[in-house]
Amino acid sequence: MRTTEEVMRDHLDRRCAGDLDGDIAHNYSDELVVLSKDGVFHGTDGIRHTAGILASNLPDAEFSYDMLRCADEFALLSWSAKSSNGGRTCYGADSFVIREGRIVAQTIHFEVTN
């Protein structure tokens, strides 16, 4: 069974490579619950939807993963991004619950400024 940190590292590597489908297939549970300012989303369709929201807010963005903390089945990720349209996020934060090698819960928070 993969550890929380192993799942998170794979998640970040795949996202950096633009491999959303591989990330979803290898790291997310079908039972996923995502909480964000945009709503509550479920399952792999939910994470696809939130990825679309992020891409529409920050098109062609360059992401920096500033901090990753893992403890037991929990992870906290701090990130920033600069977009091709001039938008930026300085203090993005996601939290995760990982069970049996899969992300089962995630919170997403970011604000875009120009």
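Every heavy atom of this structure was used, including side-chain atoms; hydrogens, water molecules and symmetry mates were not. Remember, predicted model here, so these are calculated numbers, not experimental data.
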So, Arg14 and Asp10, do they make that salt bridge, N to O below 4.0 Å? yes
Between Glu73 and Arg99, does any NZ, NE, NH1 or NH2 come within less than 4.0 Å of an OD or OE carboxylate oxygen? yes
For the [atom1] atom of [X] and the [atom2] atom of [Y], what is their distance to the nearest 0.5 Å?
| X | Y | atom1 | atom2 | result |
| --- | --- | --- | --- | --- |
| Ser80 | Met67 | OG | CE | 11.5 Å |
| Phe41 | Leu32 | CZ | CG | 11.0 Å |
| Asp19 | His26 | CG | NE2 | 8.5 Å |

Please set out all donor-acceptor pairs under 3.5 angstrom arising from side-chain atoms of residues 45-56, sequence neighbours excluded.
from: Arg48; atom 1: NH1; to: Asp21; atom 2: OD1; distance (Å): 2.6
from: Arg48; atom 1: NH2; to: Asp21; atom 2: OD1; distance (Å): 3.3
from: Thr50; atom 1: OG1; to: Ile47; atom 2: O; distance (Å): 3.0
from: Ser56; atom 1: OG; to: Gly52; atom 2: O; distance (Å): 3.4
from: Ser56; atom 1: OG; to: Ile53; atom 2: O; distance (Å): 2.9

Which heavy atom of Lys37 sits nearest to which heavy atom of Glu111, and what is that distance? CD-OE2, 3.8 Å
Correct closest heavy-atom pair for Ser29 and Thr44 would be O-CG2, 4.3 Å
Do Thr89 and Leu58 pass the side-chain contact (heavy atoms from CB on, under 4.5 Å) test, and can you show the C-alpha distance, the side-chain angles, and the key distance before you say yes or no? CA-CA 8 Å; Thr89 293; Leu58 294 164; 3.6 Å; yes
Quick one: are Val7 and Ile103 in side-chain contact, heavy atoms under 4.5 Å? yes
Does the Thr4 side chain pair with the main chain of Asp72, one donor and one acceptor, at a distance under 3.5 Å? yes
Counterpart residues, side-chain contact (heavy atoms from CB on, under 4.5 Å), relative to Leu12 (two or more places apart): Tyr65, Leu68, Leu77
Quick check, are the ring centers of Phe96 and His11 under 6.0 angstrom apart? yes
For Trp79 and Phe63, take the angle between the two ring planes, folded into 0 to 90°, and tell me which bin it lands in: parallel under 30, tilted 30 to 60, perpendicular over 60. tilted
Please indicate whether Glu6 has more than 12 foreign heavy atoms, meaning atoms of other residues, nucleotides or ligands, lying under 6.0 Å from its CD. yes
